[in-house]
Amino acid sequence: MRAEGYRIVPTYDDADLVVVNTCGFIDAAVEESLETIGEALAENGRVIVTGCLGAKEQVIRNAHPQVLAVTGPDSLQQVMDAVHSHLPPHHDPYSDLVPPGGIKLTPRHYAYIKIAEGCNQRCTFCIIPSMRGDLMSRPAGDVLKEAEKLVGAGVRELLIVAQDTAAYGVDLKYRTGFWQGRPVKTRVTELARQLGSLGAWVRLHYVYPYPHVDELVELMAEGVILPYLDVPLQHASPSILKAMRRPGNIENTLQRIEQWRATCPDLTLRSTFIVGFPGETDEDFEQLLAFIEEARLDRVGAFAYSPVAGAAANALPNPVSEELKEERLERFMELQTAISADKLQDKVGRTLTVLVDEVGEDEAYGRGSADAPEIDGTVIIEKSAGLEAGQLVRVTITAAGEHDLFGELAGG
Ligand code: SF4
């Protein structure tokens, strides 16, 4: 839009048109998307809807018949067509120039790169494959060119995302692509190695626990990519994992975690879990707690199971009551919060490399290799005079809270 002379503004009042990007992953996300569309209609009135929930146009139209257009996921051209018909562009050759890194909605020093769309797995609680289809990987050369451009424009951290990042290239049978005249296989380990050569931090998200994740951990140990493994495990009881259609051998998972830590001692492990899945007994839940206690993961997100229209899990017997779900979620989080806080304490006294995100009056806020933006903690740097966002600094940790670390510039 910027390339065509449109201006992106931060408030409804200043906008001639609002584009709402939606999520339809779980019912709570659908509700939030519909609320956001309602808010945009009330505050501005001229609204185009896009994103996952757009695949279910009727749901949107039933709730908000006055939206101008509804487009689905990955529909750049359709969104642009809708924008053109409701707000034709004024062409101005001077304002039409796009800066070299393109336009991002994230701060200048970090950027998300999507390497694939869709998923070949069929987890019973998830409707992503039905909304987004099977895995479709971008050619390795394309991804690397985009990454190179971003790093050239000042990006210091590349966040690699896809619904199933570690499966990257399976659909293309790991075809060989080209970048800078060199052959590069469309495979996550090779892509990660090449991305790591660009000189920015590389953080991989949503890594399904395939066997070749071990190779990614080796790259982390070598310092090629950040030692940060975001591996959603969802549960620890074999029968629940089976009902979820996820890898069920949890003993094996514990051994792998031990192995990963032996390979890469600095590894940060993040995972997500669902409690209260249909059929989850007290024993299943206790098994999950025992796993959490033993695995001592660094960062954990947990959700009470929420049925999604169209998901296979809805047909499973013995749903867990809302009350019990909430009670289990609370017990789970209490245990994990203590583990995470304990693990943060271990960092006190260490000196970490920190990427500065924001500089306030008295302190600056940054993140270390263990902290992804938005979802993890922050490193709060005291006596931060002279620092700038996007700078990499060494920080000695002096204290730890439940989620965040506090420190001072090393040698400062
Ligand atoms: S791997 Fe992730 S995206 Fe794919 S079906 Fe399972 S939960 Fe959904």
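As the structure lists them, so they are numbered: ligands from 1, and atoms in each ligand from 1.
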Asker: I'd like to check the ring-ring contact (aromatic ring centres under 6.0 Å, His included) partners of Phe291; sequence neighbours left out, ordered by chain and number.
Answerer: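 Result, ring-ring contact (aromatic ring centres under 6.0 Å, His included) vs Phe291: none returned.
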Asker: Can you tell me if Tyr305 and Glu280 form a side-chain donor-acceptor pair at under 3.5 Å?
Answerer: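 Absent: no donor and acceptor within the cut-off.
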Asker: Any luck finding a side-chain donor-acceptor pair between Arg246 and Gln121 under 3.5 Å?
Answerer: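 Gln121 and Arg246 do not have a side-chain donor-acceptor pair below 3.5 Å.
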Asker: Using distance alone, with no hydrogens and no angle criterion, decide if Ser137 and Thr186 have a side-chain donor and acceptor under 3.5 Å apart.
Answerer: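 On atom types as modelled, these side chains do not qualify, holding no pair under 3.5 Å.
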Asker: Residue-level breakdown please: for Phe125 versus ligand 1, do any non-hydrogen atoms fall below 4.0 Å on the side chain, on the backbone, on both, or on neither?
Answerer: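 Under 4.0 Å from ligand 1, Phe125 contributes side-chain atoms alone.
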Asker: How would you list, by chain and number, every residue that makes a ring-ring contact (aromatic ring centres under 6.0 Å, His included) with His64, sequence neighbours excluded?
Answerer: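 Listed in chain order: nothing, the list is empty.
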Asker: For Phe303, which residues count as a ring-ring contact (aromatic ring centres under 6.0 Å, His included) partner, sequence neighbours excluded?
Answerer: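 In terms of ring-ring contact (aromatic ring centres under 6.0 Å, His included), with neighbours along the sequence ignored, Phe303 is linked to no residue.
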Asker: Which of the protein's N, O or S atoms come within less than 2.8 Å of atom 4 (Fe) of ligand 1, not counting waters?
Answerer: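 Result, waters dropped: Cys119 SG.
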